[in-house]
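This report refers to the structure that appears directly beneath it.
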There are 2 protein chains.
Amino acid sequence: MKLSDSSQALVLHFGEMGSRWGFNRTVGQILALLTIHPEPLNADHLAEALHVSRGNVSMGLKELQAWRLIERQHQPGDRKEYFTPSGSIWDMARIVFEERRKRELDPTLSLLRQQLLSASEDSGADYTQAKMQEIYDLLEQLNTFANSLHDMEPERLKKLMSMGAGVSKVLNFGSKKKSSPSSAS
Amino acid sequence: MKLSDSSQALVLHFGEMGSRWGFNRTVGQILALLTIHPEPLNADHLAEALHVSRGNVSMGLKELQAWRLIERQHQPGDRKEYFTPSGSIWDMARIVFEERRKRELDPTLSLLRQQLLSASEDSGADYTQAKMQEIYDLLEQLNTFANSLHDMEPERLKKLMSMGAGVSKVLNFGSKKKSSPSSAS
DNA sequence: TAGAATTTTCAGAAATTTCTGAAGCTTTAG
DNA sequence: CTAAAGCTTCAGAAATTTCTGAAAATTCTA
């Protein structure tokens with residue numbers, strides 16, 4: 001398990017970025033290596049290539065399986081477990097995106113909802129209540145948007161993303177003068 | 001500086017979420033408190049309300065100013081520095097979003113660009129090169145999309161977000177029947 | 001079923017991040 | 001200019017996260 005300079009660099013980089021993307025160094029490195037390696041790898045390969053302990057690899061693989069980012073395979077005539085990414089790069093991005101939405105928005109939405117419901121009791125603290133409502137509204141909108149991206153079929157999503165700033169133009173069609181009376185439901 | 005139960009809960013929560021949003025506990029708490037408090041606060045207020053040291057508050061304020069999330073003010077007849085959020089909740093969200101795009105996408109794009117350019121030298125490692133290209137393409141598309149969101153005027157952005165899944169419908173206009181035969185580029 | 005191969009677990013070690021508090025710096029009033 | 005008020009810095013302490021490695025558990029072969 002010797003990595004090319006280029007692969008080595010990518011793997012190390014994914015380790016560093018890991019924490020920003022929601023996992024730890026080893027998990028980032030394992031994911032990177034499995035992704036760019038043509039063949040499935042087993043835990044010993046990974047431990048050797050990444051210079052980390054066997055136990056650490058085991059924990060990392062467990063976490064990546066929990067995220068559904070990788071899956072187990074078996075090679076005929078080998079008792080060891082081998083791993084590969086469970087989908088395309090695109091699939092991975094969706095999974096990470098969704099997981100992060102859950103971790104970064106849901107808990108706060110849930111807290112704010114609670115706070116705002118039980119607010120009627122407190123009479124004062126007007127300003128604070130209003131701000132909390134503002135934060136809630138914003139996060140809920142973000143959340144809805146994130147969900148709608150997540151639910152889109154890949155093709156449509158790709159199209160939307162590649163339109164980039166062009167989306168802005170298309171949106172003018174939707175608005176025109178005629179504001180649909182449906183509004184807030 | 002006594003906080004209501006509700007404010008207290010929100011501040012603590014923002015402290016916990018802080019690390020997921022890109023800053024540490026104290027920074028999260030300071031931001032939350034300044035946001036929901038009707039009046040500007042000074043460093044002593046913050047240290048007392050959050051039960052953290054004066055030095056920690058100073059560092060937190062410095063960081064929030066670097067992010068341009070808060071700004072200094074002076075109260076007439078008081079030598080202390082007071083702080084308030086520097087914009088609306090919406091403005092804050094945009095700043096945090098943009099800062100995270102920079103931290104989470106730019107470094108990887110930059111590394112991959114470099115790797116892919118200097119790839120001609122290495123002859124082998126075909127699969128790996130192809131995967132790196134895939135990752136690069138995806139991240140660049142994400143990046144472009146994020147930028148176009150960031151550059152949109154708030155009104156248009158709000159409209160886009162509130163359309164949610166509806167965006168999908170609007171996009172059909174752009175595709176019609178004419179399926180471009182380009183496929184994988 | 002025995003036992004060898006492989007994987008998982010988890011207590012404590014190592015590394016990293018965050019926080020404190022006192023020293024020192026800057027600003028302002030007098 | 002002096003001194004008090006206020007702010008910042010940063011070395012080391014505390015807290016948190018990550019990693020190791022040996023023991024325990026599981027799986028497979030014969």
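All values below come from the heavy atoms of this structure, side chains included, with hydrogens, waters and symmetry mates left out. By convention in this document, chain letters (A, B, ...) are assigned in the order of the sequence lines, proteins followed by strands, and residues within each chain are numbered from 1.
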Original post:
5'-most contact on DNA chain D: A/Gly55 or B/Gln65, nearest heavy atom basis?
Top reply: B/Gln65
Original post:
Between A/Glu81 and A/Arg72, does at least one N-O distance fall below 4.0 Å, as a salt bridge requires?
Top reply: yes
Original post:
What closest approach, in Å, do B/Ala49 and B/Leu33 show between heavy atoms, and which atom pair accounts for it?
Top reply: CB-CD2, 3.7 Å
**OP:** Specify the separation, in whole Å, of atom CG of A/Asn42 and atom C1' of C/dT7.
**Re:** 12 Å
Subject >> Those residues of residues 12-35 of chain A lying under 4.0 Å from DNA chain C by at least one heavy atom >> reply: A/Arg25
Subject >> Contact interval (first through last nucleotide) of DNA chain D with protein chain B, 4.0 Å heavy-atom >> reply: D/dA4 to D/dT16
**OP:** May I have the step-by-step check of side-chain contact (heavy atoms from CB on, under 4.5 Å) for B/Leu34 and B/Leu46, ending in yes or no?
**Re:** CA-CA 9 Å; B/Leu34 290 179; B/Leu46 292 166; 4.2 Å; yes
**OP:** Write down the distance between CG (B/Asp78) and C1' (C/dA29), rounded to a whole number of angstrom.
**Re:** 14 Å
**OP:** Specify the residue among A/Arg54 and B/Phe83 whose closest nucleotide of DNA chain D lies further upstream toward the 5′ end.
**Re:** B/Phe83
Original post:
Salt-bridged, A/Glu104 to B/Arg100, with N to O below 4.0 Å?
Top reply: yes
Subject >> Interatomic distance, B/His51 NE2 vs C/dG21 C1' [rounded to whole Å] >> reply: 17 Å
Subject >> Selected nucleotide, minimal atom distance to A/Met59 side chain, candidates C/dC10, C/dA4, C/dT7 >> reply: C/dC10
Original post:
Can you check whether A/Lys62 has a side-chain N or O nearer than 4.0 Å to OP1 or OP2 of C/dT7?
Top reply: no
Original post:
Expressed in angstrom and rounded to an integer, what is the separation of A/Leu64 atom CG from C/dT8 atom P?
Top reply: 13 Å
Original post:
More than 12 heavy atoms of other residues, nucleotides or ligands under 6.0 Å from CZ of A/Arg113: is that the case?
Top reply: yes
Original post:
Going by atom types alone, do B/Ser148 and B/Asp151 pair a side-chain donor with an acceptor below 3.5 Å?
Top reply: no
Original post:
Quick one: do the B/Asp137 and B/Gln141 side chains pair a donor with an acceptor below 3.5 Å?
Top reply: no
Original post:
Would you say the side-chain atoms of A/Asp91 and A/Ser88 include a donor-acceptor pair closer than 3.5 Å?
Top reply: yes
Original post:
CG of A/Asp44 versus C1' of C/dA5: gap in Å, rounded?
Top reply: 11 Å
Subject >> Closest heavy-atom pair and its distance - B/Leu61, B/Ala43 >> reply: CD1-CB, 4.2 Å
